[in-house]
2 protein chains.
Amino acid sequence: MKVVIIDDDKLVSMSLKTILESATGITVEAVGNDGTEALGLYEKHRPDVLLMDIRMEHMTGVEAARKVIAEYPDAKILFLTTFSDDEYIIEALEIGVRGYILKQDFEGLIPALEAVQQGQTVFGGKIVGKLPGLLQESLSFDYEAKGITQKEYDIIQLVAQGLSNKEIAAKTFLSEGTIRNYLSTVLEKLDLRDRTQLAVFYYQNGGR
Amino acid sequence: MKVVIIDDDKLVSMSLKTILESATGITVEAVGNDGTEALGLYEKHRPDVLLMDIRMEHMTGVEAARKVIAEYPDAKILFLTTFSDDEYIIEALEIGVRGYILKQDFEGLIPALEAVQQGQTVFGGKIVGKLPGLLQESLSFDYEAKGITQKEYDIIQLVAQGLSNKEIAAKTFLSEGTIRNYLSTVLEKLDLRDRTQLAVFYYQNGGR
DNA sequence: TAAAAGATATGACAAATGTCACTTACATTC
DNA sequence: GAATGTAAGTGACATTTGTCATATCTTTTA
């Protein structure tokens, strides 16, 4: 199996190289230390698996992977992650990356590579458990950025549960007229027409 | 690595046994041919990985896995699937199963087992690509079962896009009054009060 | 063929909704 | 202390919405 490694931490990439070459049947064809090298090295060596850090300086692993897959849709890319890389995971999944494995997990590395070579997708450790939550977050809308206050947001949530103004008033101990006023400004801020559009907006932007 | 195999097709389980035992470091501790045997064999042998068919006669692999994991939350279960087992996949994911691999994929089997033993999760072939779609379907509501007709459902979808009755009428070439009537019966059938609750219902039951 | 069922439509009505102009009360700031 | 800002409220108004009774026309069924 031919592997190309890309990681901007030379200590990591060298350790990986050592580990991999001690295994039979694996050749490390090249080691790059920047996402910008990914496409070039992939083209030159056509490795079975491209093992790449997801968080790097000049170009993130995700961007690099996107370029490689654009040219070679069947490229098998395995990301190295730490626990703090949540933000990239969904994006990477959409691109069609073949897996994520924790940097710390030396024992798991070789079986993971082999599984990926066989066309499978591998998720290290507890990453799978995080997926449902991440999928939602990735869609979530930044109401604060549109100038929606906390109280307004509370009302949005109640509308998005299908409550009438009267019911919302009862729940919040405000008058029905006040609810109407709040709702009116919310609709304007979000450029919507009525409460139904608000509920639709809510659910199409990550609400549940 | 100790493995227990469960598959109600003896031809399959025996082939698997042969393949696995030809590999160094793998012992097949037991072979069961029914989901009901899963928990017993797991308790007796405590394998590193439980390799189980997902579709079986008396008890599905999913049910069997649920029982095993209830007793042994860290149990590593790898499912054998065919392309037609979509319906079980989401359910199995929720239980905390460690992967799915296609029965046909003999080469991938051993690396997959090793990756699972190392604590990773493995998805064979194109299963990952199906996940987003399946996640949605798993939530989807059976409008037909509530007596919703096709035309009514069309209107539900338009309401769930935030359109007014007038707009829906224009789109469907029906009169606004007719739309109101349709909507009225839809609300009754689903036991809802107004269009906003309908939109909420739609999105909370698998719509997008 | 007659009756039943289905699709579409109308008009009337009450309730809910969204907008607007304006007020009151309280706290913060200058 | 006056000015400003914010939170909450009121009343009026036009629209939209949901319900209901009823009508017309077509298709299916008995």
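Note: hydrogens, waters and symmetry copies are ignored here, and every other heavy atom, side chains too, is used. Lettering follows sequence order; numbering is per chain, from 1.
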*Would you mind reading off the distance between B/I168 atom CD1 and D/dT16 atom C1', rounded to a whole angstrom?*
12 Å
_What's the separation between atom OH in A/Y182 and atom CG in A/L187, rounded to the nearest 0.5 Å?_
14.5 Å
*Any Lys/Arg nitrogen of B/R180 or B/E176 sitting under 4.0 Å from an Asp/Glu carboxylate oxygen of the other?*
yes
_Check this for me: does any side-chain nitrogen of one of B/E167 and A/R193 sit under 4.0 Å from a carboxylate oxygen of the other?_
yes
*asked:* Expressed as a whole number of angstroms, how long is the span from A/E188:CD to C/dT17:P?
replied: 20 Å
*Between C/dG6 atom P and B/Q150 atom CD, what is the distance in whole Å?*
17 Å
*N-O pairing of A/E71 and A/R66 below 4.0 Å*: no
_side-chain N/O B/N165 vs D/dT17 OP1/OP2, d < 4.0 Å_ = yes
_For atom CG of B/L187 and atom C1' of C/dA16, their distance in whole Å_ = 14 Å
*Could you state the NZ-P distance from A/K166 to C/dT17, rounded to the nearest angstrom?*
9 Å
*Rounded off to whole Å, could you give me the CD-to-P distance for the B/Q197 and C/dA16 pair?*
13 Å
*Does the ring center of B/F123 lie less than 6.0 Å from the ring center of A/F123?*
yes
*Would you please confirm or rule out a distance under 4.0 Å between OP1 or OP2 of C/dG18 and any side-chain N or O of A/R195?*
yes
*Is B/S184 near enough to D/dT19 that one of its side-chain N or O atoms lies under 4.0 angstrom from OP1 or OP2?*
yes
_Single hit among A/D8, A/D34, A/N33 for side-chain hydrogen bond (donor to acceptor under 3.5 Å, both in side chains) with A/H58_ = A/D34
*Can you give one letter per nucleotide of nucleotides 8-14 of chain C, going 5' to 3': B for a protein heavy atom under 4.0 Å from the base, S for sugar-phosphate only, - for none?*
SBB-B--
*asked:* Could you tell me how far apart B/I155 (CD1) and D/dT17 (C1') are, to the nearest whole angstrom?
replied: 15 Å
*A/D154 has an atom CG; how far is it from atom P of D/dA8, in whole Å?*
11 Å
*Do NZ/NE/NH1/NH2 and the carboxylate oxygens of A/D194 and B/R195 come within less than 4.0 Å?*
no
